[in-house]
Amino acid sequence: MATSDPMLNETLLLLGAAVLAAPVFKKLGLGTVLGYLAAGIVIGPILRLISDPQEGLHVSELGVVFLLFIIGLELKPSRLWQMRGDIFVLGTAQVVISGFVLTGLAWLIGLSSWQGSIIAGFGLALSSTAFALQILADNGEANTAYGRRSFSVLLFQDLAIVPLLALVTLLGAGATETSSFFLDFAVAAAAVGLLVLAGRYLLTPMFQVIARTGAREVMLAAALLVVLGSAIIMQLAGLSMAMGAFLAGVMLAESSYRHELEADIEPFRGLLLAMFFIAVGLSLELGAILDNLLLILLGVPAFMIVKALVLYGLSRLWGSTHEDAASIAALLPQGGEFGFVLFTTAVAAGLLTPATSSLLIASVTLSMALTPLGAALTRRFLVREKREELAEDFDGAGADVLMVGFSRFGQIAAQILLAGGSDVTVIDDSADRIRQASTFGFRIYFGDGTRREVLVAAGIERAKIVAVCTHKAEITDRVVDMIRAEFPDVRLFVRSYDRIHTLSLRAREVEYELRETLESGLLFGRKMLEGL
């Protein structure tokens, strides 16, 4: 009788664990991340059903790579420039201050030599991009003020792995390797430059050629090629794979194929990221924890509290509210997946012993497991303004004009249309505005205008004109970009925020745009002149 392939058995086991754990923990209100972790711990360290947990961790790290690519697709270079303060000031301060404080603690308890303590301290200063962003996504808080600021800190931490790996080389080899360090830096800079040039001049033409073939599977293959190819290029240059994928995403952020790429990659991202969380649970070394139980019980909460205090203090200094600063502190106190890379590299360089590295990796893994609980407790005890949501019901939707966003501007425009005998379908994501508008006879529906399926349900394919009247420029741009990519023949009339936004909308070739304050400002100035 033939026997089944052990690798196939383990794959089925991992998929089964994910399918069972995610809904159970989601139902309990603990989040899918903690469910995946628990599943990994049960089938790995406890039942020992997986033969090589580390191999699974290496493969599943592609989930982080795909995650960073999708994040890059959402971040245009102009938006990255707007985030530069959070990324380079707040991010730098967090890594440097947390790193030095944790280095001092590692040195005081005799964890390693001063060189090893530096690597341990700065390795623990890095947080988990995968864990934090998944928690934000699960709670629908990725686009909140604290969510965006948390992402900025995480982005700088991902960048910081480059000089930290170089620091391992310097501390391990001494001053004789200085020339090698500068050579590695030059190679890394050249790789980044090559990737930026390729993204700017090669990727969009390549997708244009592939799109003309009409072969859906080729477009999917091209998307995977771009993500994995950019990741491998960065890895060969000594940088992180995730950073390569992120840069590729940023370069494609203004492409008309952005939404299709995101749709193609999303299933791979979700599945592999789930496998990553399970693999972290699989790789938890219960033996190392039991052998150093007292040190870990004291050390893990200590370094998490240190990071949380630093994050809270810096966020408050940088202008965050108490609630946002507390949320950031509760979201990012854990160690990160790049710490695994740093500690392993330090062992090869002779800066850390294998036993110390195992202790640090176990501590990082345990801190990851504690983070969802800490974030959940923070949300429970913080008093935040609750955003009410209604059920999406588009029964009866469909009119000559589809209006996205029912701002003051949109309300006036809609009244003129109704007075002229035209039907208007309005979608908005504010429950209060919907209730108020319904009392005046508007046909208004609850929905997120940045989602394609919502626009289709609201009748965009039948509408003669789509009016985008949201009150935030960045949301307006997302709606316009998505409509331009998915419904290129739609006539777009758009409310503009200011002159710069007007120029941006004209570059997007909308049919008509108007600054909300333009005509009222002209009339106001005229009346003042008359008064003089």
Quiz item: Considering residues at least two apart in sequence or located in another chain, which fulfil the salt bridge (charged side-chain N to carboxylate O under 4.0 Å, His left out) criterion with Arg506?
Solution: Glu513

Shortest non-hydrogen contact from [X] toward [Y]:
X      : Y      : value
Ile87  : Phe156 : O-CB, 3.3 Å
Phe343 : Ile119 : CE2-O, 3.8 Å
Pro23  : Ala18  : CD-O, 4.2 Å
Ala308 : Ala329 : O-CB, 3.3 Å
Leu314 : Ala93  : CD1-C, 3.7 Å
Leu332 : Ala132 : CD2-CB, 3.7 Å

Quiz item: Do His501 and Thr476 pass the side-chain contact (heavy atoms from CB on, under 4.5 Å) test, and can you show the C-alpha distance, the side-chain angles, and the key distance before you say yes or no?
Solution: CA-CA 10 Å; His501 193 211; Thr476 298; 3.9 Å; yes

Please report the interatomic distance [atom1]([X]) to [atom2]([Y]), rounded to the nearest 0.5 Å.
X      : Y      : atom1 : atom2 : result
Thr92  : Ile97  : OG1   : CD1   : 10.5 Å
Leu505 : Tyr497 : CG    : OH    : 13.5 Å
Leu351 : Thr356 : CG    : OG1   : 11.5 Å
Leu126 : Leu154 : CG    : CG    : 10.0 Å
Asp489 : Ile483 : CG    : CD1   : 12.5 Å
Asp477 : Lys472 : CG    : NZ    : 13.5 Å

Has [X] got a side-chain atom pairing as donor or acceptor with [Y]'s backbone, closer than 3.5 angstrom?
X      : Y      : value
Ser98  : Lys307 : no
Gln94  : Val310 : no
Gln334 : Ser127 : no

Answer yes or no: is there a side-chain heavy-atom contact under 4.5 Å between [X] and [Y]?
X      : Y      : result
Gln157 : Thr129 : no
Leu102 : Phe122 : no
Leu492 : Arg508 : no
Val404 : Leu455 : yes
Ile460 : Glu486 : no
Leu197 : Leu202 : no

Practice problem: Verify the neighbour count for atom OH of Tyr312: are there more than 12 heavy atoms of other residues, nucleotides or ligands below 6.0 Å? | Solution: yes

Quiz item: Testing Thr321, Ile328, Asp324 for side-chain contact (heavy atoms from CB on, under 4.5 Å) with Ser315, which one passes?
Solution: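 That would be Ile328.
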
Quiz item: Of Ile135, Leu155, Leu331, which is the lone residue that meets side-chain contact (heavy atoms from CB on, under 4.5 Å) with Ser150?
Solution: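 Of the listed residues Ile135, Leu155, Leu331, the side-chain contact (heavy atoms from CB on, under 4.5 Å) partner of Ser150 is Leu331.
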
Quiz item: Under the side-chain hydrogen bond (donor to acceptor under 3.5 Å, both in side chains) test, which residues partner Ser320, sequence neighbours left out?
Solution: Arg149

Quiz prompt | side-chain hydrogen bond (donor to acceptor under 3.5 Å, both in side chains) against Ser363, all qualifying residues, sequence neighbours excluded | solution =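 So Ser363 forms no side-chain hydrogen bond (donor to acceptor under 3.5 Å, both in side chains) with any residue.
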
Quiz item: Between the side chains of Thr103 and Ser117, does any donor sit under 3.5 Å from an acceptor?
Solution: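 Not at all, the side chains of Thr103 and Ser117 share no donor-acceptor pair under 3.5 Å.
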
Quiz prompt | Pair Ser152, Arg148: side-chain N/O donor-acceptor within cut-off below 3.5 Å | solution =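 No donor-acceptor contact under 3.5 Å links the two side chains.
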
Quiz item: Are Val456 and Phe487 close enough, and set up right, to give a side-chain contact (heavy atoms from CB on, under 4.5 Å), and what steps lead you there?
Solution: CA-CA 10 Å; Val456 171; Phe487 311 98; 3.7 Å; yes

